Amino acid sequence: MASSTAIRELQRDLEDKANDLSKLQKDIAKNHQVRKKYTVQLGENELVLKELDLLNEGANVYKLIGPVLVKQDLAEANANVRKRIDYISAELKRLDATLQDLEEKQNSKKDAILKLQQRIQSLQAGKAKA
Amino acid sequence: MEEPAKGTVTPFASMFPFDEAKKAVKRVEDAIAEKLKELERHKQFIADNTNLVNLVSRLPDELHHDVMVPFGKAAFFPGRLIHTNEFVVLLGEGYYAERTAKQTIDILTRRGKALDSQVESLKVNIKDLRAEASFFGSTAAEAAEGLVEIREDYVEKSYTEEQSKSEKVDKKVRVEDDEYAHIMSRLDELEKEELAAEGDNESDEDEHTNTAESDNESGEDECIDIVGSDNESDEDEQTDAAKRGSDIHEYNQTEATFNNFASQTHLETRKAQKQTKVENLSVEALSNKFHHQLDTTDQPNCTGLTVQPVPKDDMSSSRSLTQIKKSVPAEKDLMLPGVKEKLEAASSSTIEVPMWTPKSRFDSSKAFTGSIVEHLSNIEKNSQNQTVTSSQTPVRASRPGFDSSKSFTSSIVEHIDNMPTSQEQTATSSQSPNAQPSKPVSRFKMQRR
């Protein structure tokens, strides 16, 4: 009986760990998605910067704020776009670090689960023999 | 041909479970579908872009255009497009710029180029995914078929055991067996012919040469027989030469079967030996030594030769022996021809002996390899022809390491280059006999290459 309760405990443990693992995996997937979005935005901003550079002085630049097109200064627009690009790159780097973290945690969780499973198996085998 | 080599047989199904392989295929296919959708979207963008460029280029042609302007959901009213050269272009990220038509077109073309590059990368991605999917698919199919992966340890044995070349071989074992049986039967036929021929040719000379040769052959069985047969008659040698040429062609074809032959020839050579009175004894004795030597001595000489154990010079109980040994390594075939050639050259076996030694360096073996190949082909043809050839054939057939011969080819080629250098070392006398081998070698090269 003691062995069976031990087994049950181990199994509960296994379930918990499995849940954690699935949560971790979801986090990783979300991280991937956000990263993708940021990457696309970064690309777009770089394109805009290129075009802005091609504009000669005096050309009118407008910014769409809601339903309104607001006239903007070329220099100001340039600065804004550059700042946005930096911001996005920083975000990407942060996300990368988090992703690494999450992946490491996931691996360790997997190992723990495997060990648990082995223990359970050995216990069960022992119980079966006895 | 199958040596009882320890090995593992793993069915593909166990290594790549069928179900999992299928799942992998499905996963990859899903990814491919996604990428294809993306590709479609991008293509759409590019099409829109091109239309826009055309429109923008046409607008500034007129000062104003009369158009029907949509009004709400279900009405139009006639209107006019003015300021036909001013465009407010979206640069991205909510930024717009006022530009002229020409400038707008420039912006649009640049955007189009960026899109094109994206499409290209997508296509490459899809191609990779497709390759992956096909690989998975083929693996799944193989697993389903029950394909088996056979791994055998590489055991250094006598030439007959070349089969045990340990290499990962994915093969259908049955096919080999069939070939083997086929080859065996052929060998038997040849052997009979040879026996008949040998009986006639036996003579004192033969004994003499046989002993010398037998030493060499014994190690390689094959070699000995051939040598013995060669010694038996000069005539045979001539015919052999002719045959060699033809044999070479056969050789190529029979390469596959050669392996089987190797084992067979081994048997045949042994039989041939028996015919010669003295030879038998000496040969057998030598063969024993040889085998022993072969087993012990690796084919260090035959670097190129993989399968056949190269009898080392160490054995050199008799010069011929040592020589033969070396040639034996996979090159056995080579050696035989080499040996034969030497015999034929009418130079005393002694000459050959010195040749052999250099060959043992493997360089010499290389030279032989070329010649040996010829013999193989001869062997096959010999079955019908003279005893000499027949004797040769048994020798050839016994080339256990047909593969080795194959391997030789590659090595031979290399060696051939080395040969000149090695030959120089060994003996100039051997040069002349070597000349012959070089010929076959070239032929061999051609065939192989």
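Worth knowing before you read on, the calculation uses all heavy atoms, side chains too, and leaves out hydrogens, waters and symmetry mates. Reminder, nothing fancy here: chain letters follow the sequence lines and each chain counts from 1. Just so it is clear, the model here is predicted, and its values are computed rather than measured.
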A:Leu69 versus B:Val88, closest heavy-atom pair with distance: CD1-CG1, 4.5 Å

Side-chain heavy atoms of A:Leu54 within contact of B:Arg110, under 4.5 Å: yes

Heavy-atom proximity to chain A below 4.5 Å, by part of B:Arg99: side chain

Separation of B:Ile107 CD1 from A:Lys50 NZ (nearest 0.5 Å): 12.0 Å

Neighbour count >12 (heavy atoms, 6.0 Å) for atom CZ, B:Phe71: no

Exceeds 12 heavy-atom contacts within 6.0 angstrom, atom CD of A:Gln100: no

Segment of A:Val81 engaging chain B (4.5 angstrom heavy-atom cut-off): both

A:Glu44 (side chain) donor-acceptor with B:Glu93 (main chain) under 3.5 angstrom: yes

Distance-minimising heavy-atom pair for A:Leu55 and B:Ala97: CD1-CB, 3.9 Å

Atom pair CG (A:Leu47) and OH (B:Tyr95), whose distance is rounded to the nearest 0.5 Å: 14.5 Å

Within 6.0 angstrom of B:Glu34 CD, more than 12 heavy atoms from elsewhere: no

More than 12 heavy atoms of other groups within 6.0 Å of A:Lys71 NZ: yes

